[in-house]
Amino acid sequence: MTTRKLAREFYTHPDVLTVARRLLGQVLVVPARNGTRVAGIIVETEAYRGPQDRASHAYGGRRTMRTETMYRIGGTAYVYLIYGRYHQFNVVTGVEEVPHAVLVRALEPLQGIRRMRDRRRGTSAHDLTNGPGKLCMALGVDGRLDGADLIGDRVWIEGGARQISPAAIACGPRIGIDYAGAYVGKRWRLCVRDEPAVSGRR
DNA sequence: CGCAGGATGGGCT
DNA sequence: GCCCATCCTGCGG
């Protein structure tokens, strides 16, 4: 497989929606023991667009210990705990001090599938990574990876695995943000059409 | 199959 | 003290 770790410039693009779109088809990788890897192709993302976005943790420019990661440079991992039990993996985008992020909502399992099944014992083979909490469990992502540099070697994203044409991308409203007022209807959830691994509906 | 409800803990008002 | 960028279980059709 001829893929390569995405460089800083991929993440520092000024438009978070563009980065969310370009992330589709790229490979999220977490290294395991003995040089092996657990990895999946990104098939669903959601953009969280700066301080104006009411659905964002950084809405209104809010800065707390948790959200501080969102203000770092594009190419930083933002991982947080949700509902007391699950983690969410996000990619910070853009320049420092401007809180853009992309939530990775679903993967198509690619490597380390046995390890994924071990971590997701009790669920069926097709439910390994089709949701933002599920993929974190399958890859072993937790709060320790918050703030990790995606140009580093703890977690990263590789390009070139699959080309997704614009026509193959579907968009719809984001999930679980009913409190977000005028931003509830923004179609900032992106997914690969006809991809069985996406979460929820098309 | 679909849907209702519970789990569970850090962050924020 | 309430709110989550969720998932799983159990129950009914």
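Note on naming: letters A, B, ... go to the chains in the order of the sequence lines (proteins, then strands), and numbering restarts at 1 for each one.
Residue A:Y80 places a side-chain atom within donor-acceptor reach of the base of C:dA5, judged by atom type and a 3.5 Å distance cut-off alone.
In this structure, NE2 of A:H87 is placed 15 Å from P of C:dA5, rounded to the nearest angstrom. For A:D178 and C:dC4, the CG to P distance is 9 Å, given to the nearest whole Å. Atom CD of A:Q88 is separated from atom C1' of B:dG11 by 15 Å (rounded to the nearest Å). Counting to the nearest Å, the P atom of B:dG10 and the CZ atom of A:R66 are 12 Å from each other. Nucleotide C:dC4 holds its P atom 10 Å from the CZ atom of A:R62, rounded to whole Å. Between the CD1 atom of A:I175 and the P atom of C:dT6 there is a distance of 8 Å, given to the nearest Å. Here the P atom of nucleotide B:dC12 and the CE atom of A:M70 are 11 Å apart, to the nearest Å. In this structure, A:K134 atom NZ and C:dT9 atom P are separated by 11 Å, rounded to whole Å.
The cationic group of A:R66 lies under 6.0 Å from the six-membered ring centre of A:Y80 and within 45° of the ring axis, placing it in a cation-pi geometry. Judged by the 6.0 Å distance and 45° axis criteria, A:R54 is not positioned over the aromatic ring of A:Y179.
The separation of B:dC3 from C:dA5, taken at their P atoms, amounts to 23 Å, rounded to a whole angstrom.
Across the interface with DNA chain C, nearest-nucleotide mapping of A:T123 and A:Y179 shows A:Y179 to be the residue nearer the 5′ end.
As the counterpart of B:dT8, no nucleotide is assigned, since no Watson-Crick or G-U wobble pattern has both distances under 3.5 Å. Base-pair partner of C:dA5: not found among the strands shown (Watson-Crick or G-U wobble, both distances under 3.5 Å).
Looking only at distances, a side-chain donor or acceptor of A:R193 sits under 3.5 Å from a matching main-chain atom of A:A167.
A:R85 comes within contact range of at least one nucleobase, with a heavy-atom separation under 4.0 Å. At the heavy-atom level, A:L103 lies under 4.0 Å from base atoms of the strands shown. Nucleic acid contact for A:R120: sugar-phosphate only, since backbone atoms but no base atoms lie under 4.0 Å from a heavy atom of the residue. Across all strands, A:G84 comes closer than 4.0 Å to base atoms (heavy-atom distances).
For the 3.5 Å distance criterion, the side chains of A:H57 and A:Y48 fail to qualify, holding no donor opposite an acceptor. A donor atom on one side chain and an acceptor atom on the other are found under 3.5 Å apart for A:S199 and A:E44.
A:T64 has no side-chain polar atom (N or O) that falls below the 4.0 Å cut-off from OP1 or OP2 of B:dG11. Contact between the side-chain N/O atoms of A:H57 and the OP1/OP2 oxygens of C:dA5 is found at a separation under 4.0 Å.
A side chain to side chain donor-acceptor pair (under 3.5 Å) with A:E158 is found for one member of A:K5, A:R37, A:Q26, A:R4 and no other, namely A:R37.
Remark: ring of A:Y86 not stacked against base of C:dT6; the cut-offs of centroid gap under 5.5 Å and plane tilt under 30° are not jointly satisfied. Stacking between A:Y48 and C:dA5 is present: the aromatic ring centre lies within less than 5.5 angstrom of the base six-membered ring centre, and the two planes differ by under 30 degrees.
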